[in-house]
Amino acid sequence: MKKKGLRILLMVLIGLNLAFIWGNSLMAGEQSSAMSGGVIAMLYKLMPFLPEGETVHLVIRKLAHFSEFALLGLLCSSLAITEYERIPLGVMGFGLVSACIDETIQIYVPGRASSLLDVWIDASGFVTGMFLLWLGYNLIKNKQVWRKSQ
């Protein structure tokens with residue numbers, strides 16, 4: 001795939017990921033709880049050994065925050081590497097701003113609340129996605145350099 005095509009694909013995927021994240025934040029509290037409950041019920045079917053209780057539900061919801069932002073961090077880092085062959089620190093700023101927007105949206109949605117903890121969870125997910133992409137990219141790049149020197 002040409003560089004321009006890859007760049008467009010990554011921008012579209014980033015837009016879709018943000019639409020998913022912010023779309024979930026726009027759901028009213030009752031609707032969001034019902035969706036979370038459905039996901040949790042499905043997880044209990046797949047993993048019946050999970051303990052019951054509010055703590056498990058809380059952890060699963062926080063993992064959802066973390067994972068959707070980890071994907072965003074991975075996509076944004078992929079775009080940065082496509083453009084600059086490195087990941088500028090500004091990419092991390094984009095992740096933090098996206099997390100702040102996500103929680104700000106929830107202030108105005110009935111039955112939802114904004115949480116500083118969720119901003120930190122979102123930002124740490126984003127940074128984890130960035131790190132995983134950086135690690136993978138450098139491992140592949142170094143393996144190619146190592147092969148050429150043989």
Side-chain angles (χ1 to χ4, degrees), residues 1-47 50 56-147:
M1 180 179 283
K2 291 185 180 179
K3 192 173 181 177
K4 183 178 179 181
L6 179 59
R7 185 177 25 223
I8 291 169
L9 174 63
L10 288 169
M11 285 191 277
V12 167
L13 290 174
I14 289 167
L16 290 172
N17 188 228
L18 284 170
F20 176 78
I21 291 169
W22 294 337
N24 284 333
S25 290
L26 286 167
M27 283 186 206
E30 197 173 291
Q31 187 182 10
S32 176
S33 292
M35 188 169 117
S36 294
V39 171
I40 290 168
M42 183 180 64
L43 286 175
Y44 278 125
K45 285 181 184 175
L46 294 172
M47 297 180 275
L50 284 176
V56 174
H57 293 207
L58 179 67
V59 169
I60 290 170
R61 287 193 307 268
K62 298 307 175 189
L63 280 172
H65 272 269
F66 184 88
S67 60
E68 62 191 13
F69 273 89
L71 177 60
L72 184 63
L74 192 97
L75 292 170
C76 289
S77 298
S78 297
L79 180 61
I81 284 177
T82 301
E83 290 291 315
Y84 310 111
E85 295 186 9
R86 62 185 179 83
I87 304 172
L89 283 178
V91 173
M92 196 180 316
F94 179 80
L96 183 59
V97 168
S98 299
C100 289
I101 290 170
D102 182 45
E103 290 305 307
T104 301
I105 289 169
Q106 293 181 33
I107 293 171
Y108 302 102
V109 177
R112 300 295 295 267
S114 182
S115 165
L116 183 58
L117 175 62
D118 285 348
V119 172
W120 284 107
I121 291 170
D122 297 346
S124 61
F126 189 92
V127 170
T128 300
M130 282 180 63
F131 174 73
L132 290 174
L133 192 281
W134 173 85
L135 182 66
Y137 176 76
N138 281 295
L139 285 173
I140 290 168
K141 192 167 86 172
N142 289 336
K143 188 174 183 179
Q144 290 171 349
V145 169
W146 182 77
R147 280 187 181 165

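- In this structure the side chain of F20 never reaches within 4.5 angstrom of the side chain of L16, judged on heavy atoms.
- Heavy-atom contacts from other residues, nucleotides or ligands closer than 6.0 Å to CD of E30 number 12 or fewer.
- Counting heavy atoms from C-beta outward, C76 and F126 have side chains that approach closer than 4.5 Å.
- Counting only distance, with no hydrogens or angles, the side chain of K62 and the backbone of D118 share no donor-acceptor pair below 3.5 Å.
- Note that CE of M35 and CD1 of I40 are 10.5 Å apart. Values are rounded to the nearest 0.5 Å.
- Between the side chain of S33 and the backbone N or O of G29, at least one donor-acceptor pair lies under 3.5 Å.
- Taken from CD1 in I14 to CG in N17, the straight-line distance is 8.5 Å, to the nearest 0.5 Å.
- Between the CD atom in E103 and the NE2 atom in H65 there is a gap of 5.5 Å [rounded to 0.5 Å].
- Side-chain contact check for V119 versus C100: some heavy-atom pair is nearer than 4.5 Å.
- The heavy-atom pair separating T104 from Y108 by the smallest distance is O-CD1, 3.3 Å.
- Enclosure of atom CH2 in W22 by more than 12 non-hydrogen atoms of other residues, nucleotides or ligands within 6.0 angstrom is indicated.
- Between the side chains of Q106 and S114, not a single donor N or O lies within less than 3.5 Å of an accepting N or O.
- With rounding to the nearest 0.5 angstrom, the CD1 atom of I121 is 9.5 Å from the CZ atom of F66.
- In this structure, S25 and V109 have side chains that are not in contact, with every pair of non-hydrogen atoms separated by 4.5 Å or more.
- Side-chain contact check for L6 versus L79: every heavy-atom pair is 4.5 Å or farther apart.
- Pairing each heavy atom of A123 with each of A99, the nearest pair is N-CB, 4.4 Å.
- Here the straight-line distance linking atom CZ of R86 with atom CD1 of I81 works out to 10.5 Å at 0.5 Å rounding.
- The shortest side-chain heavy-atom distance between Y137 and S77 does not fall under the 4.5 Å cut-off.
- Between the side chain of R112 and the main chain of M27, a donor-acceptor pair closer than 3.5 Å is present.
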Quiz: residues 67-75 side-chain donor-acceptor pairs under 3.5 angstrom, not counting sequence neighbours:
unit_1	atom_1	unit_2	atom_2	d
S67	OG	L63	O	3.0
S67	OG	A64	O	3.2

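- Separation of atoms NZ (K4) and CZ (R7) is listed at 7.5 Å; rounding is to 0.5 Å.
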